[in-house]
Asker: 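For reference, the structure I am asking about is given below.
Chain letters run A, B, ... following the sequence lines, proteins first, then strands; residues in each count from 1.
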Number of protein chains: 4
Amino acid sequence: MDVNNWVDDFFNLMDEEKMTEKQKKILLASIEVFAEKGYAASSTSEIAKKAGVAEGTIFRHYKTKKDLLMSIVAPVMAKLIAPLLIKDFQKVFKQNFQSYEEFVRALLLNRLTFIKEHLSVVKILLQEIPFHPELRQHFSETVMEQVVSRIESVIIPFQEKGEIIDLPPKSIIRFTASSIIGLLFGKFILFPESEWDEVQAIEETIQMILHGVEKK
Amino acid sequence: MDVNNWVDDFFNLMDEEKMTEKQKKILLASIEVFAEKGYAASSTSEIAKKAGVAEGTIFRHYKTKKDLLMSIVAPVMAKLIAPLLIKDFQKVFKQNFQSYEEFVRALLLNRLTFIKEHLSVVKILLQEIPFHPELRQHFSETVMEQVVSRIESVIIPFQEKGEIIDLPPKSIIRFTASSIIGLLFGKFILFPESEWDEVQAIEETIQMILHGVEKK
Amino acid sequence: MDVNNWVDDFFNLMDEEKMTEKQKKILLASIEVFAEKGYAASSTSEIAKKAGVAEGTIFRHYKTKKDLLMSIVAPVMAKLIAPLLIKDFQKVFKQNFQSYEEFVRALLLNRLTFIKEHLSVVKILLQEIPFHPELRQHFSETVMEQVVSRIESVIIPFQEKGEIIDLPPKSIIRFTASSIIGLLFGKFILFPESEWDEVQAIEETIQMILHGVEKK
Amino acid sequence: MDVNNWVDDFFNLMDEEKMTEKQKKILLASIEVFAEKGYAASSTSEIAKKAGVAEGTIFRHYKTKKDLLMSIVAPVMAKLIAPLLIKDFQKVFKQNFQSYEEFVRALLLNRLTFIKEHLSVVKILLQEIPFHPELRQHFSETVMEQVVSRIESVIIPFQEKGEIIDLPPKSIIRFTASSIIGLLFGKFILFPESEWDEVQAIEETIQMILHGVEKK
DNA sequence: GATGAATGAGACTTCATTCAT
DNA sequence: TATGAATGAAGTCTCATTCAT
């Protein structure tokens, strides 16, 4: 099963189709354990125990432990960027957003909602990306070559209208994404115990991002 | 060896004092292997081989594998924030920086230089923080309670002067740090293969950060 | 199912009677897999896949994996020696063969033809005999106590006529069988890839066998 | 470790050099277990138990189970044909043997003695050759291309002198080897329980072999 | 009769750690 | 101090077999 298959699987897997009850339990248990200990430090026996399943059952559904990881991570990766991959991105965009602020706000809030819903899996994805070149490659190909170019096509008109700063669109995108990833990293990885006013933190971050790219 | 000892060790370890040739080789090999595969997926036998020592030798110097990790990670953590922990922070600051921009620029460039010099170890630190509560706790205590308060004491006067935006200092700090971490994450983890103009990317990021926090 | 049953089964099994399509496929697949990897290294799941049936189906027809082996091997063992077990062996012999050479030539050519037709199964039989005492016992009982004695009764008259050498009939039989088994072993196991002129090799071997036992 | 290394190892392994006490025990236990159950049906845990060693210890000395098999089998294979690979085969032969009978008798008795001494291992070798192409290839290369040609050079002069039959030397060799292998197969594999007069059986076999190839 | 999900024992192998030398 | 053989617990994975559908 290579990455492409995993991504194809996104349409049947994790969507309660063709999955036995036990398989779903295995998936959920894996997510829990991987998120807590990291992939390499998780044992299939612990996953089996937590899923209430014999260890062999895991391997009936997933040929290897790595397969299990990929089955978890690939669909989320796909969904994470899915909204940015729609065909008529430009059209949809023009219908909906009149200012850059509106666009950024809508996109970020939407994606943050998604991330919050799939937090554990996103955490696993971020943690494992450094160690799995296939993952990284697939991610960078999709993101770099498709997502980025679509967003660029949104940014450029606003630059031309003089609404936002004249830096390379790629830098603007990276800056925006960075701020968001940094926000999440702080919240969920560095200081998971600390309490904070989430809504407000997000609002402030968006403000600063917009502020940072706006043309004075 | 608890975290406090590790931090104390910062003054004797990694500084070529009291370390045998073999011990240094072990440390360097560990850094290489941990950075490449992650702590959990690295084996002491591989480290031994790469260091050119016997397997047993590692355990003569480091009681456990985890000890080895901490010996690597703790000193860097300490050094990473060291400049922000100096006693006379306020005084030093006032002597040197007249504008917020100057301060941010100096601090970020300085720390980025440090990170580049110790990249592997910083990578290990970031990767392992999620899985080692002691590390996380130590980090959050030091950073939150000491570093942040010192930086706050710098930010507030600039806010009073109307030079920067009126958001909570903590949010400003988080935003700034986020942008930097995001920058590094993109460069070194997501797209390590891609080439880019580093100096310029940093410059652009700093610009947007400053822009983002500046009061219009 | 003990050995006797298997042998009894020889009359219903492998003869397309009472066998479903699936069962035949299972049998053929088993033969293929066992011959290639050996019994112990073959998995029922591989056999099922190759037979195009579900894993469970195998066990509907054969209680255990070993049962499957025996169902393959027992009938061939029976058939292999069948011609030498006919009731009126002496009579048949006297009608047909006037010289020892004629007899040996007829018997060997006939059995070699049979073996070629059932090569895979004979291979499996030879390979598994060392590890299954029941098989070995059954084989040695039948062969030693029945086959050998019948052949002895052929050899002795020729010795009395001075046509063949005066060694113990058992030694003559062993020598003859050895040469044949050795021939097969070389051809099919040691050097399966090499080409050779089969007809001639057989002819030469028979010549030397006859030569070896002939009285000068 | 490929076959060539295994063969090279023949000079240091199995000769009590550089082997720890435990390693020797592992080797002996393996031979015992492999010979009894066959390689595939033997478990490393049983070997460890029989050797009085922790299971992990096996893998410190032999990277894989197959490595263990090869470490057992390769040296014997080498030694088995070693006498036929000496440089001055022709010279040695001429000094020692005046008739073909003398030569065959000497060679066979010598090799049979060797085989008896290393019976278990030879058994393992014969049993595993069908399933390990590398073994088979190495065997056939060495035997076919070296051993056979040296023996041929002995046979041809005797054929020219009219002492032995005019069949292709290869056939004569195969016939001779076959008879011997068949003898062993009967004795040690088919009927290991039966008693017999070994010396006499060998003598009879040799007689028939010689008889079979002799020119009348 | 046929399926294939599920099992759990056990296979091979790795690994951090210990200890005699 | 340094070694590396030895350990045994634990890891991933395979397999023959069962059973509900």
Asker: With nearest nucleotides of DNA chain E determined for Ala54(A) and Gly56(D) from heavy-atom distances, which residue corresponds to the more 5′ nucleotide?
Answerer: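 On the 5' side of the pair lies Ala54(A).
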Asker: Which residue lies toward the 5' end of DNA chain E, Ser42(B) or Ser45(D), if each is placed at its nearest nucleotide?
Answerer: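 Going by which nucleotide is closer to the 5' end, it is Ser45(D).
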Asker: Please confirm whether Lys123(C) makes a cation-pi placement over Phe34(C), using NZ or CZ under 6.0 Å from the six-membered ring centre and within 45° of the ring normal.
Answerer: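 Not flagged: Lys123(C) not positioned over aromatic ring of Phe34(C).
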Asker: Can you check whether Thr44(D) has a side-chain N or O nearer than 4.0 Å to OP1 or OP2 of dC12(E)?
Answerer: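 For dC12(E), OP1/OP2 do have a side-chain N/O of Thr44(D) under 4.0 Å.
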Asker: Which nucleotide in the set dC15(F), dT12(F), dC15(E) lies at the smallest distance from any side-chain heavy atom of Ser43(B)?
Answerer: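 Between dC15(F), dT12(F), dC15(E), the one nearest the side chain of Ser43(B) would be dC15(E).
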Asker: Whole-Å distance between dC19(E) C1' and Ile58(B) CD1?
Answerer: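 Value for this atom pair: 16 Å.
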Asker: Given dT17(E), dT3(E), dA2(F), identify the nucleotide with an atom nearest to the side chain of Val53(C).
Answerer: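 Between dT17(E), dT3(E), dA2(F), the one nearest the side chain of Val53(C) would be dT3(E).
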Asker: Looking only at the side chain of Thr57(B) (C-beta and beyond, no hydrogens), which of the listed nucleotides dT3(E), dT14(E), dT3(F) gets closest?
Answerer: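 Minimum distance to the Thr57(B) side chain belongs to dT3(F).
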Asker: With rounding to the nearest 0.5 angstrom, report the CD1 to NE2 distance, Ile72(A) to His118(A).
Answerer: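 Going from the CD1 atom of Ile72(A) to the NE2 atom of His118(A) covers 13.5 Å.
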Asker: In Watson-Crick or G-U wobble terms, both distances under 3.5 Å, what is the partner of dT21(F)?
Answerer: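 dA2(E) is the nucleotide pairing with dT21(F).
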Asker: Select from His61(B) and Glu55(D) the residue whose nearest nucleotide in DNA chain F is closer to the 5' end of that strand.
Answerer: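 So the residue in question is His61(B).
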Asker: As a test of reading the structure: which of dT17(F), dC13(F), dA2(E) is closest to the side chain of Thr20(C), going by heavy atoms?
Answerer: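 Output: dA2(E).
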Asker: Can you tell me the distance, in whole Å, between the CD1 atom of Ile47(B) and the P atom of dT14(E)?
Answerer: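 About 17 Å, once rounded to whole Å.
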Asker: Provide, to the nearest angstrom, the distance between the NZ atom belonging to Lys22(C) and the C1' atom belonging to dA2(E).
Answerer: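 After rounding, the reported distance stands at 7 Å.
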Asker: Nearest whole Å is fine: how far is dT17(F) P from Arg60(C) CZ?
Answerer: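 My rounded result for the distance is 15 Å.
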Asker: Give the rounded distance in Å between these two atoms: NZ of Lys49(B) and P of dA16(E).
Answerer: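 My rounded result for the distance is 12 Å.
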Asker: Which whole-number value in Å describes the distance from Gln23(D) CD to dT7(F) C1'?
Answerer: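 Computing the Gln23(D):CD to dT7(F):C1' distance gives 16 Å.
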Asker: Provide, to the nearest angstrom, the distance between the CD1 atom belonging to Ile26(A) and the P atom belonging to dC13(F).
Answerer: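 My rounded result for the distance is 14 Å.
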Asker: Within the distance-only criterion (no hydrogens, no angle test), does the side chain of Lys37(D) pair as donor or acceptor with the backbone N or O of Ser43(D) below 3.5 angstrom?
Answerer: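 It does not hold such a pair.
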Asker: Measure from the side-chain heavy atoms of Lys65(C) and tell me the nearest of dA6(F), dA6(E), dA16(F).
Answerer: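 Between dA6(F), dA6(E), dA16(F), the one nearest the side chain of Lys65(C) would be dA16(F).
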Asker: Taking all heavy atoms of His132(B) and all of Glu128(B), pick out the closest pair and write down the distance.
Answerer: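 For His132(B) and Glu128(B), the tightest heavy-atom pair comes out as CD2-O, 2.9 Å.
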Asker: What is the distance, rounded to the nearest whole Å, between atom CD of Glu21(B) and atom C1' of dT3(F)?
Answerer: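 It is 18 Å, rounded to the nearest whole Å.
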Asker: Regarding Glu55(A) and Thr44(A), do their side chains bring together a donor and an acceptor under 3.5 Å, going by distance alone?
Answerer: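 Thr44(A) and Glu55(A) do have a side-chain donor-acceptor pair below 3.5 Å.
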